[in-house]
Amino acid sequence: MGTWGSGPFENDGAGDLLAALRAGDFEIDDFCGHVDEEYLEVDDAQAAIALAEVVAAAHGLRPASQELDGIDVAVYVGSLTPEQRAWILTTLERAIADSDTSELHELWAENGPEDLEEWRAPIASRLASLRPLG
């Protein structure tokens, strides 16, 4: 893994997602279609976490960060169907659930319980704030 931090945009998977959103090349249906239903690979988990942050920013649940410059989050999120929004939430849940379902969880767990919780807690909080939005 080239870049790795506990923040939602501090990794290569999120960087790739943001670049594709800026370029207008990201198709969520293509992304959803390739993500394994059994085990969530690290890049897919990172992208799902970043997508959730995009949704949160569009709804004013988080301040617009520098990483989102050049992306009209309101327009992008407004284009998502209810099924796509539900998929983002489900994938976010899977990303932080446990090491049996998420490679990213497994990698953070290898660092120890403190690092795992530092990474996981903000994502769990974001998930709780997004659930009422559907």
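- Annotation for Leu51 and Trp87: closest pair CD1-CZ3, 4.5 Å, computed over non-hydrogen atoms.
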Please assess Leu116 against Asn111 for the test side-chain contact (heavy atoms from CB on, under 4.5 Å), listing each intermediate value before the final yes or no.
CA-CA 7 Å; Leu116 175 63; Asn111 286 340; over 6 Å; no
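- Residues Phe9 and Glu53 are in side-chain contact: their nearest non-hydrogen atoms beyond the backbone lie under 4.5 Å apart.
- What you find for Val55 and Leu130 is that their closest heavy atoms are CG1-CD2, 3.8 Å.
- A 4.5 Å side-chain heavy-atom check between Leu107 and Val42 finds at least one atom pair inside the cut-off.
- In this structure, Phe31 and Leu17 have side chains that are not in contact, with every pair of non-hydrogen atoms separated by 4.5 Å or more.
- With Ser79 contributing its side chain and Tyr76 its backbone, the two residues share a donor-acceptor pair below 3.5 Å.
- For residues 26-39, no pair satisfies salt bridge (charged side-chain N to carboxylate O under 4.0 Å, His left out), with sequence neighbours left out.
- Residues His105 and Asp100 bring no donor and acceptor atom of their side chains to less than 3.5 Å of each other.
- No side-chain heavy atom of Leu40 sits less than 4.5 Å from a side-chain heavy atom of Leu104.
- Taking the side chain as every heavy atom from C-beta outward, Arg120 and Ile123 never approach each other to under 4.5 Å.
- Side-chain contact between Val35 and Arg94: present, with at least one pair of heavy atoms (C-beta onward) separated by less than 4.5 Å.
- Between Asn11 and Asp43, the closest side-chain pair of non-hydrogen atoms is not below 4.5 Å.
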May I have the step-by-step check of side-chain contact (heavy atoms from CB on, under 4.5 Å) for Leu80 and Ile28, ending in yes or no?
CA-CA 8 Å; Leu80 296 174; Ile28 193 166; 4.0 Å; yes
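- Listed for the Glu10 side chain is a donor-acceptor partner under 3.5 Å among the backbone atoms of Ser6.
- Checked by atom type and distance alone, the side chain of Gln84 pairs as donor or acceptor with a backbone atom of Thr81 at under 3.5 Å.
- For Glu103, the side chain to side chain donor-acceptor pair (under 3.5 Å) criterion is met by no residue, not counting sequence neighbours.
- Residues Ile71 and Glu67 come closest through the heavy atom pair CD1-O, 4.5 Å.
- Not a single donor-acceptor pair under 3.5 Å links the side chain of Arg126 to the backbone N or O of Leu92.
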